[in-house]
Amino acid sequence: MEQLTWSGSFGAFLNPLMLVSVVIFIAGFIANTVLTIAGVRAGELEFSGDGTVSVSRTPLDYALMTMKYAVLLFVLCCLGYIVGGLVLPTTEAKGILGAMALRLLPVWIALITTFALSIYFKRKLGLYGKLFDSPIGMAGFALVMFWVFAAVFSGIFPLVPTHGAIDLISGMRNELPGMAIATPDEGEYPFYLLGGDNLGRDVFSRVFFGAADVLAITPVATLFAFMVGITLGLPAGYFGGTLDTVLTFIANLALAFPVILLFFLLVTPEIVAAGVPQYMSMVLFLFPIIFLVVLFNSRFHTDPTRRNIYVGIAAVVGFWAYFSLISNADDGDLPLIFRIWPEYLDGFDIAGNLLIVFVSVVFVNSPTVFRIVRGITLDVKTRDYVAAAQTRGEGPWYIMLWEILPNARGPLIVDFCLRIGYTTILLGTLGFFGLGVSPESPDWGSTINEGRRLLTIYPHPALPPALALMSLVLGLNLLADGLREESLKD
Amino acid sequence: MGAFILRRTGVMILTALCLTLVVFFLTNLFPNLEKLAKTQGNARMSDAEVVSWLDRNGYGGPMLVRYGEWLGVMPGWTREDAETGVITGRCIDFGMDAADAPVRCGLLQGDLGFSTVSDEDVGNVLPRRLMLTLKLMAYAFGLMVPAALLIGVLAGMREGSRLDRTLSTLSIASTATPEYVSGVIFIVLFASTTAGVSGMLTEWGWLGDGGWLGDRRTLFLGSARSAMTDITFWNFTLPVTTIALYGMGYIARMTRASMAEVMTAQYIRTARLKGVSFRNIVLKHALRNALIAPFTVIMLQFPWLLTGVVIVETLFNYNGFGWTMVQAASNNDIELLLACSIVAVFVVLLTQLISDIGYVFLNPRIRIS
């Protein structure tokens with residue numbers, strides 16, 4: 001079999017069409033800029049006396065219209081590739097783009113279903129529904145959900161990737177995109193759609209396995225950072241005084257620490273051998289349990305039975321997960337304190353490096369969350385409903401967690417989206433310096449790091465993970481922007 | 001004002017002490033010292049030999065005492081060999097008489113120790129590397145700040161216009177592109193002989209032998225190694241742009257927000273009603289007030305630039321400060337790493353201080369009694 005072309009047999013007329021759309025767009029853009037500088041204004045609505053409205057069109061309007069249709073044409077061409085991938089019979093006719101589109105079929109279906117349902121019910125869905133009023137928010141949501149579904153259909157149901165994450169075929173080393181495998185086994189996908197990396201692994205599959213890796217770590221790490229930040233930020237802002245001074249000083253200390261230095265210090269083997277990240281995880285992972293216990297206790301302390309049930313469940317599950325997480329009985333090098341938890345209760349072990357990466361990312365993020373929560377608390381605690389709760393005789397923790405926190409949710413949700421993006425970047429930075437989860441891990445930072453050595457000769461292994469990371473973070477930022485805009489409209 | 005600066009400086013020094021103590025603690029953990037002993041002495045040392053080597057070379061005392069020695073507030077250790085009677089010590093250099101050596105030698109005395117990897121005094125290595133990074137930073141700042149302010153002002157002067165939306169989306173895109181992504185994309189686009197723009201231009205005959213764009217095979221060079229001695233447009237554009245791009249979006253968004261807020265102010269409306277032209281409103285009335293908030297943001301960008309510098313120097317092979325830090329960390333070069341962290345921490349704290357004081361100076365509404 002020969003090498004696939006990028007666009008397959010539809011490419012014969014879609015490629016020129018696409019090129020034309022790009023040229024028209026550039027021409028429209030130049031015309032637009034020149035006209036604007038020359039002082040031409042866009043046409044305006046004119047109301048004539050007899051109740052009719054007319055629109056005057058200036059050259060600027062036509063330039064803008066050209067640009068709009070060029071973009072539309074471009075999008076249609078992209079859709080053409082996807083449709084081509086779905087309907088054309090052979091992989092050769094589909095081309096690389098079409099074949100990728102076909103592999104991503106479950107993602108497209110999930111994406112279209114999500115959007116159709118959300119738009120249909122958008123008036124009943126609160127802030128989430130309002131997101132579909134803002135084009136920017138919708139674009140961001142589409143990008144984010146694309147990667148979420150891609151991660152689900154790679155990590156949990158491996159439908160998208162064509163090969164295994166660490167399957168190597170030595171003949172495919174550094175091969176170009178669309179190259180056929182010389183002697184494919186029975187049932188094996190016969191092409192490397194985006195080429196092979198320097199060890200002969202399939203770049204396309206690794207990007208999507210990487211998505212599963214990244215999206216398994218970053219939202220959870222961000223959530224942990226939020227739990228730490230909220231548990232400390234609320235009392236700091238609410239009580240003020242010495243507690244506030246001490247906590248703020250510590251947060252500023254952590255913020256003044258250059259991120260990159262911290263990563264290098266925490267991830268080096270010597271420091272790991274001394275157990276520093278383990279001790280840090282011991283402290284940091286305690287906060288979610290404290291948060292949940294206090295949350296339920298303050299809400300239900302007037303109803304002891306329910307309180308005992310909720311707090312009991314939170315504490316038992318929390319501590320079981322906590323000890324399973326931090327203890328690793330098999331690793332004899334660790335200090336004794338991490339090995340006393342009995343083996344039969346140890347639900348799961350986290351591979352050494354993953355825990356370290358997780359801890360460093362949580363540690364870097366929590367001081368910023370702390371500052372945000374503290375700032376919002378300082379603002380919200382002067383409101384009347386807080387004073388009303390105080391007059392009712394509610395305890396301080398009830399006021400913090402059930403009066404202040406729900407009213408601070410808007411900015412926190414927006415920041416959560418932004419912070420997942422930032423955490424993705426941090427995780428990528430760790431991978432880029434070879435400090436990532438494991439050397440073979442398909443996460444994007446590590447793949448970029450592997451690909452950059454031969455970048456000027458073989459650009460194809462490093463480029464797809466780079467673009468993937470960029471599009472996910474861009475999607476999260478746009479989503480946050482859309483959410484902020486829509487939540488400000490209330 | 002004086003009391004304010006004094007208090008801020010006090011807090012800064014306290015923060016610096018805490019942070020250096022943390023770094024000192026982390027770099028002087030027993031496994032680090034064990035590795036140091038094995039690389040400096042003998043790779044097949046037994047545990048007892050490691051302990052005695054550390055003891056002989058002054059790593060044996062309590063952590064806080066050694067931190068004091070390193071800082072230069074405690075007298076450096078001295079030790080008399082029981083058999084030969086030779087006195088060795090922290091402050092006694094090779095071949096120096098023990099009686100002439102100073103009592104204290106540490107950070108305060110300007111002695112940063114010895115780099116095991118470069119085989120040189122840290123005091124010699126670091127300034128050279130810092131100079132290189134300073135050049136890179138200066139170029140990056142020179143590109144980033146004016147561009148970001150221009151984008152922010154253009155976007156913020158007519159909030160909600162098409163120009164605003166386009167520029168805002170572009171700045172969001174730039175904040176979503178970390179250095180290791182934009183760097184890779186730039187190298188592929190402009191510095192690869194086979195792919196991207198350079199590849200295309202070579203195919204057309206515009207680049208390469210006899211091409212009108214020059215004899216070189218690529219538009220820009222994907223490695224900044226030659227820029228360490230001689231900076232040219234060819235070898236320095238990509239690293240500088242890569243650093244500038246990531247920070248640019250953030251500053252532009254802050255400027256836009258600040259500009260948009262100023263444009264809704266009462267005095268702008270008054271100026272408009274007086275009939276001042278839009279150009280004059282923006283340039284004479286709005287701009288100065290709109291640039292106060294971005295000043296703080298620009299100063300606080302320094303710590304982020306530090307991460308960017310480390311990434312870019314590694315990616316483009318430019319042996320500056322960031323590259324040195326990576327080398328020191330991965331080769332267990334304790335004293336060099338400590339010195340690097342001091343520099344990093346001080347850069348961060350100093351910019352925080354400047355941004356605080358500068359904000360008070362620039363903003364007439366804030367008066368510190």
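Here is how names work: the chains are called A, B, and so on, in the same order as the sequence lines, proteins then strands, and each is numbered from 1.
The parts of Ile311(B) that come within reach of chain A are both its backbone and its side chain, each placing non-hydrogen atoms under 4.5 angstrom from that chain. For a residue to count as touching a neighbouring chain, one of its non-hydrogen atoms must lie under 4.5 Å from one of that chain's; by this rule Ile457(A) touches chain B with the backbone only. Contacts between Leu315(B) and chain A at a heavy-atom distance below 4.5 Å involve backbone atoms as well as side-chain atoms. Interface residue Leu265(A): only side-chain heavy atoms are found under 4.5 Å from chain B. Using a 4.5 Å cut-off between heavy atoms, Ile448(A) contacts chain B through its side chain alone, with no backbone atom that close. Using a 4.5 Å cut-off between heavy atoms, Phe249(A) touches chain B through its side chain atoms alone. Of the atoms belonging to Ile172(B), heavy atoms from both backbone and side chain fall under 4.5 Å from chain A.
Side-chain contact between Met280(A) and Phe363(A): present, with at least one pair of heavy atoms (C-beta onward) separated by less than 4.5 Å. In this structure, the side chains of Phe264(A) and Leu337(B) stay at 4.5 Å or more apart for every pair of heavy atoms. A heavy-atom distance below 4.5 Å is found between the side chains of Met12(B) and Leu350(B). At least one side-chain heavy atom of Phe316(B) sits under 4.5 Å from a side-chain heavy atom of Ile187(B). Two residues are said to be in side-chain contact when any heavy atoms from C-beta on lie closer than 4.5 Å; Ile151(B) and Leu170(B) fail this criterion.
In this structure, Met67(A) CE and Ile26(A) CD1 are separated by 10.5 Å, a value rounded to the nearest 0.5 Å. Of the inter-residue distances, the one linking Phe25(A) atom CZ with Ile30(A) atom CD1 reads 10.5 Å to the nearest 0.5 angstrom. Atom CG of Leu476(A) and atom CG of Leu143(A) lie 9.0 Å apart (nearest 0.5 Å). Between the CG atom in Leu472(A) and the CZ atom in Phe146(A) there is a gap of 10.5 Å [rounded to 0.5 Å]. Between the CZ atom in Phe30(B) and the CG atom in Leu36(B) there is a gap of 11.5 Å [rounded to 0.5 Å].
Taking a 6.0 Å sphere around CZ of Phe25(B), one finds it holds 12 or fewer heavy atoms contributed by other residues, nucleotides or ligands.
Ranked by heavy-atom pairs shorter than 4.5 Å toward chain A, the options Leu14(B), Leu26(B), Val22(B), Ile185(B) are led by Leu26(B). Taking chain A as the reference chain and counting heavy-atom pairs below 4.5 Å, the highest number among Ala329(B), Pro178(B), Gly183(B), Cys340(B) is found for Pro178(B). With chain B as the partner, the residue from Gly475(A), Gly428(A), Ala462(A), Pro465(A) showing the most heavy-atom pairs under 4.5 Å is Gly428(A).
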Donor-acceptor pairs under 3.5 Å, chain A to chain B, main chain and side chains both?
residue	atom	partner	partner atom	Å
Glu270(A)	OE2	Lys35(B)	NZ	3.1
Ile425(A)	O	Tyr180(B)	OH	2.6
Thr429(A)	N	Tyr180(B)	OH	3.3
Thr456(A)	O	Ser192(B)	OG	2.9
Asn477(A)	ND2	Thr175(B)	OG1	3.4
Asp481(A)	OD1	Arg253(B)	NH2	2.8

